[in-house]
Visitor: 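The structure's right below; bear with me while I get my questions together.
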There are 2 protein chains.
Amino acid sequence: MNLEAKKMPRAKRVTRRPTLADIAKEVGVSSATVSLALNGSPLVADETVRRVTEVARKLNYRPHAIARRLSTGRSETVSLFVLGGGVYGNGLFYPSSWIFYSLIFKGISITLAQHKYYLQFQILNLADGDGYDKIARQVMERATDGVLLLLQDECKFCSVRELATLEIPVVTINRKLSPNLGSVQIDNKQGAIDAVDYLLRLGHTRIAHISGPANSYNAQDRQAGYLEAMQQAGLQVPDGYLVQGDWQMESGYDLLQQLMALPVPPTAVFCSNDHMAIGAREALSEMGVSVPDEVSLMGFDDSEVSRIGVPRLTTVKQPLENLGAIAAREILAWKMDKPNGVRHTVILPSLVERDSCARVPI
Amino acid sequence: MNLEAKKMPRAKRVTRRPTLADIAKEVGVSSATVSLALNGSPLVADETVRRVTEVARKLNYRPHAIARRLSTGRSETVSLFVLGGGVYGNGLFYPSSWIFYSLIFKGISITLAQHKYYLQFQILNLADGDGYDKIARQVMERATDGVLLLLQDECKFCSVRELATLEIPVVTINRKLSPNLGSVQIDNKQGAIDAVDYLLRLGHTRIAHISGPANSYNAQDRQAGYLEAMQQAGLQVPDGYLVQGDWQMESGYDLLQQLMALPVPPTAVFCSNDHMAIGAREALSEMGVSVPDEVSLMGFDDSEVSRIGVPRLTTVKQPLENLGAIAAREILAWKMDKPNGVRHTVILPSLVERDSCARVPI
DNA sequence: CTGTTAGCGCATTCAG
DNA sequence: CTGAATGCGCTAACAG
């Protein structure tokens, strides 16, 4: 019977799972044939396939993933590294923009699973030595077939050059690190342009911008979008209308007061993220200035907080799950037709209308 | 030289990485000795170790992880499954409690990395067929040495029995699924007791509770804590003081109005999560009732939103990173001394004092 | 202390 | 269409 204790070549072996050889013996063919049959090769006779699959099911056979990987030379695994730290001492999770890691993860996970790939996950703290060695180790050990780098906005990752030498696909998410590495990101600039255009259509001309920190690429792009949209509209940015925050609510709060103290205060403020917009809303509320009747407020991110408090924020939403899915597909595609080379994808965000913007007061 | 093109047994092979055999040949020992030397075995002569490591470095040798795994029978991998869906149509990410996935991930990732384990990650949507087969597949394929299940609060996972037959360690996070599976969770009940005790110490006696949905284990436990603390204090829970929300802000908003409409309204309200507390705060603010001067508000989670708006919420914080770390260690430990068997860990949350609670008004 | 010898379980030629 | 042989790279027993 199939339950008979086989001789156990290694002592530790307790329960032995059936192998190709077991099936082969029972069916009366060779293990090679079983392998072919189970993998749907057209070379095997239908009748043989039938008998093989039947016995395989009976024995509750499962291929040994690791043996398969060794034999094929593919690890069937893609690694996701989340690069954090180095800026905010607390470690990784950027309070404002990165709540929605989850959605990116989801997009990656689902896409990879659909293609029978495993997803390996590791958080790297750039604070302790860049972490490039951790990535390299996985690659050199051949534990992974592709690398996804989820870059936090401001993180300083210095080993870009080395990455390109890894001989496996690398895709950066959220930022283009190098022309030699694939990348997927949101079009922050266009998102900002859309936001400002929306305010323009509402009749605003005195539009201020609370930007994010100078070392943030996202903040830079959004600011560039703001400037471009204003210029397109033939509007000067008055002195003092462009101020710089640090993503935190508090800075939105402070900077808004600064803006309203201007000789000619703005009628609309485009904030580079939702948190700062909420801080601004609070300041306005304390000053007794009505949002959106007297001042319109625009956020960015469509983060959870944008739905909290009154009025709820009009903001710019990023298709994050899609972002993850595209990144994963990029890795997968690379394995097919590497010749096509590196690709850089930029996807468009969309405006979410809520209650914090209105026509300019007369 | 070591750059000479070796005969390539399989055509696809392009760049060949050095193997143990290459080192062995160059040093003039057997590959077994090289293996032992590189793994720090005391059986090898110091001089040999020196020469081996030197050549290994020279050739830029890296062990092939997959070959090692096949040989040792350990996959060096732990799998994390996030079980979601099935309740909230939107998929997985529970709006209220699960923002902080990230912190749990971080705890797991770091702990596993410290022990040279890889972390595999997969999101499962229980809506499409429980997902047990996805877990089983990884295990049966021997692609993983241990399973971590991150259970969303209300998710209905029905294949518990099968899990126990997997012959590898399984630890559930956030809930105890079965006495046969390890578990790590927050002591929600004690957290609730602490919260209510805090209000009691402030002199409140008319303390109401906005609970979470009935199908939520977390909500049940917190509610039980509320009831126990009240009873300990010798206080009756007046009719209408215990109401049930659905985690969302809106329900907090609605239920608070209901509470204040009571003949004898509460002076303090303990909400089962921060979002409902914020809804309650909004309702109070609209009614012109001051928080915390007239009514105290207590949240739960210490989620990001608890720091937004005025007054900031006093709430109960969960040590989530620690939760992840413990879960990971549990898996690792299991491999050492399985005999000790399954463990169930419950860790204590802590109170975070902010501005939404004050002494009872006279 | 070191070398020899077997596997690990599967995929893949290449004959038949 | 099927089987025998071989290799993937490493580890583990055992013999020297």
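Fair warning: this is a prediction, and the values are worked out from it, not measured in the lab.
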Visitor: For dG3(C), does either OP1 or OP2 sit under 4.0 Å from a side-chain N or O belonging to Thr33(B)?
Guide: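 Answer is yes, contact under 4.0 Å.
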Visitor: Separation of Leu70(B) atom CG from dC8(D) atom P, in whole Å?
Guide: 14 Å
Visitor: In whole angstrom, what separates Leu38(B)'s CG from dT2(C)'s P?
Guide: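 Interatomic distance, CG of Leu38(B) to P of dT2(C): 14 Å.
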Visitor: From dT2(C), dT11(D), dT12(C), pick the nucleotide closest to the side chain of Leu36(A)?
Guide: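 Among dT2(C), dT11(D), dT12(C), the one nearest the side chain of Leu36(A) is dT12(C).
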Visitor: What is the distance, to the nearest angstrom, from the CZ atom on Arg142(A) to the C1' atom on dC10(D)?
Guide: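 It is 14 Å, rounded to the nearest whole Å.
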Visitor: Out of dG3(D), dT11(D), dC8(C), which nucleotide sits closest to the side chain of Asn39(B)?
Guide: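 Output: dT11(D).
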Visitor: Output the single nucleotide from dA11(C), dA5(D), dC10(C) whose closest atom is nearest the side chain of Ala32(A).
Guide: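 Of the options given, the side chain of Ala32(A) lies nearest dA5(D).
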Visitor: In this structure, how many angstroms lie between the C1' atom of dC10(D) and the NE2 atom of His64(B), rounded?
Guide: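 About 10 Å, once rounded to whole Å.
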Visitor: Closest nucleotide of DNA chain C for Val49(B) versus for Ala67(B): which of these residues is on the 5' side?
Guide: Val49(B)
Visitor: Starting at CZ of Arg74(A) and ending at C1' of dG9(D), how long is that distance when rounded to a whole Å?
Guide: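 Going from CZ in Arg74(A) over to C1' in dG9(D) covers 18 Å.
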Visitor: Hey, is Glu47(A) close enough to Arg50(A) for a salt bridge, meaning N to O under 4.0 Å?
Guide: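 So Glu47(A) pairs with Arg50(A) through a salt bridge.
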Visitor: Could you state the atom-to-atom distance from CZ of Arg68(A) to P of dC8(D) in whole Å?
Guide: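 Checked: the CZ to P distance equals 20 Å.
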Visitor: Can we say Glu330(B) and Arg343(B) salt-bridge, meaning some charged N sits less than 4.0 Å from an Asp/Glu carboxylate O?
Guide: yes
Visitor: Measure from the side chain of Thr48(A), starting at C-beta and using heavy atoms only, and say which of dT2(C), dT2(D), dC10(C) lies closest.
Guide: dT2(D)
Visitor: From dG3(D), dT4(C), dT2(C), pick the nucleotide closest to the side chain of Leu43(B)?
Guide: dT2(C)
Visitor: Take atom CG of Asp46(B) and atom P of dC1(C), then tell me their distance rounded to the nearest Å.
Guide: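 Asp46(B) atom CG is separated from dC1(C) atom P by 8 Å.
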Visitor: Check whether the side chain of Ser71(A) and the base of dG7(D) form a donor-acceptor pair under 3.5 Å.
Guide: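 Indeed, a donor on one side and an acceptor on the other fall under 3.5 Å apart.
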Visitor: Can you tell me how far P of dA11(C) sits from CD1 of Ile23(A), to the nearest Å?
Guide: 11 Å
Visitor: Sub-3.5 Å donor-acceptor pair from the side chain of His344(B) to the main-chain atoms of Pro179(B), do we have one?
Guide: yes
Visitor: So what does Ser31(A) hit on the nucleic acid, given a heavy-atom distance under 4.0 Å: a base, only sugar-phosphate, or nothing?
Guide: nothing
Visitor: Taking the side chain of Ser35(A) as its heavy atoms from C-beta onward, which of dT2(C), dC8(C), dT12(C) lies nearest to it?
Guide: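 Closest nucleotide among those given: dT12(C).
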Visitor: Centres of the Phe81(A) and Phe121(A) rings: under 6.0 Å?
Guide: no
Visitor: So among Arg69(B), Arg62(B), Arg68(B), which one has a salt bridge (Lys or Arg N to Asp or Glu O under 4.0 Å) with Glu141(A)?
Guide: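 Of all the options given, the one that passes is Arg68(B).
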